[in-house]
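Beneath this line is the structure, given in structure tokens, with notes to follow.
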Amino acid sequence: LYEDLVQLLLTRWTKFRRDGNEQTNLLELLKNDPQLALLKEHHIRKVLEELAYRAHHGERSADGRGLLAAEVVRGALMDLFVQFGVASAAAFEKTDHVLSYLEQESGLLLNEGGERYAMPHLTYEEYLAGCYLAKQKHKPDFNSLAHQHWRTDGARWREVILLALGRMVRGDDVETAALWLQFMLI
């Protein structure tokens, strides 16, 4: 369910203007730049997953959502565009466009006042952080990273780890997921 919602909000969500004309989605708008012709949904998604992971790991709002400094969010998006060879000034403009879309159209990222951003709800943050964590499974430090989160703040990281394991089961790593489930139950 979360996967479908994130995908819908990230690339397929469009609003109708008052005159009834459908707006172009985010990916289509960005691809108007020839340097971004190869940009795919998963590139933007990867940035959101890492931001959710960092938010979950960092400072918390009163409702438990992680808070991100605006410079961290902007930096992650700028880095994405620079990787595609977009010049700094244009990358800055595209970052503004993506932030505007995420805040005003899809609601996947919210400005929490001043220079802070957060996911719209803790469950979105946990799901996207879990996706990020699941993608670390082939790195040598995955087990120690997940174990560190579990040991230092198991209540906060429990859902993230379970969602990561769910992603792993849907993929190709049932064995690691089964070992982690066994560890968590003991």
Side-chain angles (χ1 to χ4, degrees), residues 1-15 25-27 41-77 79-80 95 98-137 139 141-171 173 176-177 180-186:
L1 176 64
Y2 288 117
E3 179 63 28
D4 290 341
L5 287 173
V6 169
Q7 188 176 28
L8 172 71
L9 293 172
L10 183 58
T11 58
R12 293 183 300 195
W13 186 260
T14 54
K15 269 189 163 178
N25 75 33
L26 175 64
L27 203 53
E41 174 189 343
H42 69 87
H43 294 110
I44 298 170
R45 170 72 181 260
K46 182 180 174 185
V47 171
L48 280 176
E49 290 171 356
E50 184 173 354
L51 288 172
Y53 177 82
R54 291 177 75 171
H56 202 71
H57 198 274
E59 181 184 353
R60 299 177 200 174
S61 66
D63 64 4
R65 293 175 300 144
L67 296 171
L68 291 165
E71 64 191 37
V72 170
V73 175
R74 287 185 159 284
L77 290 167
D79 288 348
L80 170 65
T95 294
V98 171
L99 283 174
S100 174
Y101 178 87
L102 292 174
E103 288 179 65
Q104 298 169 15
E105 297 287 332
S106 74
L108 277 172
L109 196 62
L110 303 176
N111 186 307
E112 291 295 308
E115 294 293 311
R116 295 183 184 266
Y117 284 92
M119 297 288 152
H121 194 276
L122 184 58
T123 54
Y124 279 102
E125 179 183 310
E126 291 169 333
Y127 175 72
L128 289 168
C131 291
Y132 174 84
L133 191 59
K135 289 177 181 172
Q136 310 308 304
K137 66 184 177 190
K139 294 186 177 176
D141 63 343
F142 168 77
N143 285 328
S144 62
L145 180 63
H147 185 262
Q148 176 188 354
H149 291 316
W150 180 257
R151 194 185 62 213
T152 58
D153 196 351
R156 177 139 177 98
W157 286 91
R158 182 181 194 282
E159 195 66 29
V160 172
I161 293 170
L162 287 172
L163 289 164
L165 297 178
R167 291 287 296 194
M168 293 163 72
V169 167
R170 287 181 57 197
D173 206 352
T176 300
W180 262 98
L181 282 172
Q182 183 179 20
F183 169 76
M184 292 172 76
L185 293 173
I186 294 177

>> So does Gly64 get a backbone contact from the side chain of Arg156, meaning a donor-acceptor N/O pair under 3.5 Å?
In response: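 At least one qualifying donor-acceptor pair exists.
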
Over all heavy atoms of both residues, which pair between [X] and [Y] is shortest? Give the atoms and the distance, please.
X      : Y      : value
Ala118 : Arg65  : CB-NH1, 3.6 Å
Ala134 : Ala164 : CB-O, 3.5 Å
Ala129 : Ala52  : N-CB, 3.7 Å
Leu80  : His43  : CD1-CB, 3.8 Å
Glu125 : Ala55  : OE2-C, 3.9 Å

>> Taking CD in Glu112 as the centre, count heavy atoms belonging to other residues, nucleotides or ligands within less than 6.0 Å. Is the count above 12?
In response: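 Yes - once you tally the heavy atoms of other residues, nucleotides and ligands closer than 6.0 Å, there are more than 12.
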
Do [X] and [Y] have side-chain heavy atoms sitting under 4.5 Å apart?
X      : Y      : answer
His149 : Val160 : no
Cys131 : Arg45  : yes
Glu71  : Glu115 : no
Leu51  : Tyr117 : no

>> Trp157 and side chain to side chain contact (heavy atoms under 4.5 Å, CB included): which single residue from Glu126, Gln148, Arg151, His56 fits?
In response: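 For Trp157, the side chain to side chain contact (heavy atoms under 4.5 Å, CB included) test succeeds with only one of Glu126, Gln148, Arg151, His56, which is His56.
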
Nearest 0.5 Å, please: how far is [atom2] in [Y] from [atom1] in [X]?
X      : Y      : atom1 : atom2 : answer
Leu27  : Tyr101 : CG    : OH    : 9.5 Å
Leu110 : Met119 : CG    : CE    : 9.0 Å
Glu41  : Leu26  : CD    : CG    : 10.0 Å
Leu48  : Glu50  : CG    : CD    : 10.5 Å
Arg167 : Tyr127 : CZ    : OH    : 4.0 Å
Lys46  : Glu49  : NZ    : CD    : 9.5 Å

>> Using the rule given for side chain to side chain contact (heavy atoms under 4.5 Å, CB included), can you reason through Leu122 versus Asp63, listing the C-alpha separation, both sets of side-chain angles and the distance that settles it, and then say yes or no?
In response: CA-CA 8 Å; Leu122 184 58; Asp63 64 4; over 6 Å; no

> In terms of ring plane angle, is the pair Tyr132 and Tyr53 parallel, tilted or perpendicular, where the classes change at 30° and 60°?
Replying inline: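 Aromatic pair Tyr132/Tyr53 classed tilted.
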
